[in-house]
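First up is the structure itself, then whatever we jot down about it.
Any value given below was found using the heavy atoms of this structure, including those in side chains, with hydrogens, waters and symmetry copies removed. Protein chains get the first letters and strands the later ones, always in sequence-line order, with residue 1 at the start of each.
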Amino acid sequence: MIRDLVRYRPLIRNLVLKELTLKYRGSVLGVAWSLAHPALLLLVYTLAFRHVLRVPVPHYPFFLLVALLPWNFFATAASAATGAIVLNGSLLRKAAFPREALPIASVLFVFAQLLLALAVFLPALALARGPGLKWTAVLLLPLLLLHVLFTTGIALLLSALTTAWRDIAHFTEVGLVLVFWLTPIVYPADMVPGSWRSALALSPPAAFAAAYQDVLFWGRVPTWTTATSTLLSTVAALVLGLVVFKTMSPAFLERV
Amino acid sequence: MLELAGVSKRFVIRHNPSLDLKVRVLALFHPRHRERWQEVWALREVDVHLERGESLGLIGPNGSGKSTLLRIMAGILLPTRGRVAVSGTVAPMLELGVGFHPELTGRENLYLSTSLFGFGRRQTDALYDRIVAFAELRDFMDAPVKTFSSGMAMRLGFAVATHLEADILLVDEVLAVGDRAFQEKCLARMSEVRARGCSIVVVTHDLDLVRRFCDRACLVVEGRIVAEGAPDEVAARYCGGGVTAEPVHAF
């Protein structure tokens, strides 16, 4: 399978370019939307959580930013993945390319927007009067790699399951909102009551959020618990996603 | 070379438009809501053998399984039973132009189409001029495909598929569109790739095309190959009846 995907790298690239072209063609602000969207979210969450609810974190907008951007990547990619197979029937009917290319391309398309946002916001984080960036920021690279692999695993899983149960798309939409508010992104993990905190340790999104906050905001190396949790959930998501996808893909064309 | 041995394909057709929770609960009380489905064997024990440089015509009434057979040859559908052996690369031409994205330009669609078959950018660059020249679309490649006529989109699809230099070309009822001149050009192009050793399978209702172009023909009825041999004889068998068929030509 890996060899197939390497051979079909141009397909994945063209699918990503296609989505990027379609997203920005014809809009006046174009690429700027990919920056305006997180910037506006940042503004409104800061109003709500620093000025109204008074979350006690110094430099709150920066704290929010470092976990919100990666979450938006994950959430957008997961919800796009539910349509990656069922909305591409016409491509499936055209050729016998490896079907994995579709969900992978949909993840990479969203990932490209995360990289763009990071390219603008990280220098701002380093230069602005705030927590600044410590050397731990270099750990962002392995962290992004794990996160994109984790998200790919989830995307493979969701794109395959949606072909059999269209409810998965609705379930994902609702589920992502629930998980967002249960994950320490807009509030710090130490505000969570002690008895719930052990449950958080089992949540992959919470582990990823904590890791981003550690390396970009607190300037410290993530704890062993956080590191193993991100690593194990990545492996688990990839294995589960690939197995389910492989099992279900022969029947895709009969279900889309 | 292409070899199908004992290939059968089963489809499950569901007759309930919806199987949501409401319907499932109702089904507990009333049989009218029970799940109704039906097995359809679109292909039964089909054997096909295709040599290098040979062209095979598949004819038969609508719904007889010709297109399913072509999709199985293309590797897009898997057979329920039986074995498919393909040596070499396959270029399917099914629903020409359907996979094109209307908002993307002709050029972008061309590169996307070839990459569906694993072609990289440089490989496509090398073919680009020949494909565009064949499709006679040189002045339109930077326009979005939504501005193309259906004939233009079809020409681009045909040009892409026949320039992939595949070992097997699968053609599903595509020459029906397009004007007479372009049809002749397509036939000439297909003869050209065949002469270079490409095997071709054509699904069509145009018996004249089968007589003129194919080395051999198969008559497919209700998922079985009921006649195989020289195009003239098989076409005559099809016209001669014994086959419950819809009219061959709609007009």
So which part of Arg9(A) gets closer than 4.5 Å to some heavy atom of chain B, the side chain, the backbone, both or neither?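 It is neither, since no heavy atom gets under 4.5 Å.
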At a 4.5 Å cut-off on heavy atoms, which part of Glu108(B) comes close to chain A: side chain, backbone, both, or neither?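 Side chain only.
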Under 4.5 Å from a heavy atom of chain A, the part of Thr89(B) involved: neither
Are there more than 12 heavy atoms of other residues, nucleotides or ligands under 6.0 Å from atom NE2 of His37(A)? no
Trp181(A), CH2: over 12 other non-hydrogen atoms inside 6.0 angstrom: yes
Under 3.5 Å, sequence neighbours excluded: what are the donor-acceptor pairs made by side chains of residues 152-174 of chain A?
from, atom 1, to, atom 2, distance (Å)
Thr152(A), OG1, Val148(A), O, 2.7
Ser159(A), OG, Ala155(A), O, 3.0
Ser159(A), OG, Leu156(A), O, 3.0
Thr162(A), OG1, Leu158(A), O, 2.5
Thr163(A), OG1, Ala160(A), O, 2.6
Arg166(A), NE, Thr162(A), O, 3.2
Arg166(A), NH2, Arg255(A), O, 2.4
Thr172(A), OG1, Ile168(A), O, 2.6
Glu173(A), OE2, Ser79(A), OG, 3.4

Which heavy atom in [X] sits nearest to a heavy atom in [Y], and how many Å separate them?
X	Y	value
Ile76(B)	Leu92(A)	CG2-O, 3.6 Å
Ala96(A)	Gly75(B)	CB-O, 3.6 Å
Lys94(A)	Pro92(B)	O-CG, 3.5 Å

What's the separation between atom [atom1] in [X] and atom [atom2] in [Y], rounded to the nearest 0.5 Å?
X	Y	atom1	atom2	answer
Arg93(A)	Asp172(B)	CZ	CG	12.5 Å
Ser115(B)	Arg13(A)	OG	CZ	8.5 Å
Glu103(B)	Arg25(A)	CD	CZ	8.5 Å
Leu253(A)	Leu78(B)	CG	CG	10.0 Å

Between Thr21(A), Leu22(A), Leu15(A), the one whose heavy-atom pairs under 4.5 Å with chain B are most numerous: Leu22(A)
Pair up each side-chain donor or acceptor in residues 117-129 of chain B with any protein partner under 3.5 Å, not counting sequence neighbours, and list the distances.
from, atom 1, to, atom 2, distance (Å)
Gln123(B), OE1, Gly120(B), N, 2.9
Thr124(B), OG1, Thr114(B), OG1, 2.9
Thr124(B), OG1, Gly120(B), O, 2.9
Asp125(B), OD1, Tyr111(B), OH, 2.4
Tyr128(B), OH, Arg107(B), NH1, 3.3

